[in-house]
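Worksheet for the structure shown next.
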Amino acid sequence: MHRGEHLAHLLLVTTGETGVARSSWQLLVDRRFGSFIVGKTLAFTGVWIHNVVAVVLAWQITGSATWVAVVSVVQFVPQIVLAPIVGPLADRSSRGRLVAYGRLFCIVGSGGLALWIWIVGADAVSIEAILLSTLVVGTGFAVSGPAMQAMVPDLVERSEVGRAVALDSMPTMFGRAAGPAIGALLAAVAGPAVALVVAALGHLVFGAVAAVIARGDAATSAALADGRFRDGLAYIRRNPVVMLLLAGVTAVGMGADPVVTLAPAIAHDLGGSDALVGYLGSAFGIGAVLGSVASTFLGSGVRQSWTPAVGLTILGLGLVVVPFVSSPWAVCACFLVAGVGFTIAFAGCTSLLHRVVPSTMRGRVMALWLIAFMGTRPIAAVFNGVVADAFGTGAALVSLGLAVALTGLLCLPVMLRRSTPAESSSAGS
């Protein structure tokens, strides 16, 4: 029996935690963890700046929505393709160094495209150059993604993991909410090259922070066999509680898709302008930020074990209610509520995974976490698009929302306890 499996049982059955946990503010001003959060915020904002500049340039060059979609696809594909390689690396090498190496790719991708625009001009940039630079940025996030997620518990005490993971969700949410707006504004005022330079600078700062953190890193020794990716899959099969939490992460990723895929159709059904599409996205983003704040208060003790189920239920019901309201502001309110649930579930599932999974296995599990969170988004987009075209946006929202809420039932504390390996239970008694 692994120590991580035993701790999984202890986490789910105890009513409190040992150790004196620091407050959210104390964590944010901590030299290592606080710097990590600031750097990660700049990096995630940078990748969204690159994304919006790249898709705008792709549209201006080709006038094709298909090419715009391809830009997003090439940014995401490396995170699936490289997961079996970078996951084990995050368990056998310095996680801080992997994050720094990933930033180098992102600097080359965004900075290289900025330099090319300055040389040939924005009007002369080819779609191939945009795709290549975006692929490089995506590769950077693929290289560093599992390590970036896996190293959070390494920066804090065990009793602080729940709060730390909740705080760690803020860079993702802020980048998602603010990055596109910042990128669009910079591109409009100063030009796309300047916007891309700002994105590259964000990665440069985070890379420097990661390099400093890596000075105190020791190479992580994988405990199972030689640290192979398939050992991570075998570990999940032996631990159904981890499988349920990954199912929760999958539902979180899919539940966030309607605000992108269905927003134009929802705005059309309501008779709103294109601006309403932006309002819906902003409402979800604001809710996500509010959810991050709420998660910091729910990230410890017994409350932590409830956050996946509560968050998924709120997210699912927020989507289900949308077809039954007719006011644009009411729809925005529904998406705001869904955004709150999104972050609570995201932070809850992720923090419990960090608490359950031993450090020697965490890199491989977080590689699968990335696939669960991001790899299902295209599936959700196709599902929403097909169902909406065939039966209407209401049917797509209700069916997906119910699926998300039902997944929340699978993540109830009682279900997680039942899924804890029996040998852990006996060992803990």
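When a residue number appears, it is its place in the shown sequence, counting from 1.
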Rounded distance [0.5 Å steps], [atom1] in [X] versus [atom2] in [Y]:
| X | Y | atom1 | atom2 | answer |
| --- | --- | --- | --- | --- |
| L244 | L412 | CG | CG | 10.5 Å |
| L406 | C411 | CG | SG | 11.5 Å |
| I49 | L196 | CD1 | CG | 8.5 Å |
| L42 | I37 | CG | CD1 | 11.5 Å |
| D257 | M254 | CG | CE | 8.0 Å |
| L135 | L132 | CG | CG | 6.5 Å |

Would a 4.5 Å heavy-atom cut-off, applied to side chains only, mark [X] and [Y] as touching?
| X | Y | answer |
| --- | --- | --- |
| V143 | F105 | yes |
| L113 | H50 | yes |
| F373 | T250 | no |
| P358 | Y235 | yes |
| V289 | M170 | no |
| F324 | V398 | yes |
| C106 | V47 | no |
| I182 | W48 | no |

[Y] backbone acceptor or donor facing [X] side chain under 3.5 Å:
| X | Y | result |
| --- | --- | --- |
| Q26 | S23 | yes |
| R362 | A150 | yes |
| S399 | A396 | yes |
| S133 | I130 | yes |
| S110 | I107 | no |
| N239 | V242 | no |

Check [X] against [Y] and note the closest heavy-atom contact, atom names and distance.
| X | Y | result |
| --- | --- | --- |
| L186 | A195 | CB-CB, 3.7 Å |
| L312 | A251 | CD2-CB, 3.8 Å |
| A345 | V252 | CB-CG2, 3.5 Å |
| L416 | S305 | CD1-O, 4.5 Å |
| L98 | S144 | O-CB, 3.6 Å |
| G255 | V404 | CA-CG2, 4.1 Å |

F33, CZ atom: more than 12 neighbouring heavy atoms under 6.0 Å: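 Counting other residues, nucleotides and ligands, CZ of F33 exceeds 12 neighbours.
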
Worked check of side chain to side chain contact (heavy atoms under 4.5 Å, CB included) between F383 and L400: CA-CA 9 Å; F383 171 85; L400 182 61; 4.3 Å; yes

Check residues 198-213 and write down every donor-acceptor pair under 3.5 Å in which the side-chain atom is one partner and the other belongs to a residue at least two apart or another chain.
unit_1, atom_1, unit_2, atom_2, d
H203, ND1, R103, NE, 3.4

Ring geometry between F141 and F44 (parallel below 30°, tilted from 30 to 60°, perpendicular above 60°):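 It falls in the perpendicular class, over 60°.
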
By ring-ring contact (aromatic ring centres under 6.0 Å, His included) - contacts of F335 (at least two apart):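 Partners of F335 under the ring-ring contact (aromatic ring centres under 6.0 Å, His included) test: none.
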
Side chain to side chain contact (heavy atoms under 4.5 Å, CB included) between Q149 and D168, intermediate numbers included: CA-CA 9 Å; Q149 296 298 325; D168 184 58; 3.8 Å; yes

Step-by-step side chain to side chain contact (heavy atoms under 4.5 Å, CB included) determination, L397 to V320: CA-CA 6 Å; L397 286 162; V320 168; over 6 Å; no

Verdict with supporting geometry, N51 and Q75, side chain to side chain contact (heavy atoms under 4.5 Å, CB included): CA-CA 8 Å; N51 183 265; Q75 185 172 336; 3.1 Å; yes

Given H354, M148, M151, the one that forms side-chain contact (heavy atoms from CB on, under 4.5 Å) with M366: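 Running side-chain contact (heavy atoms from CB on, under 4.5 Å) over H354, M148, M151 with M366 returns exactly one hit, H354.
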
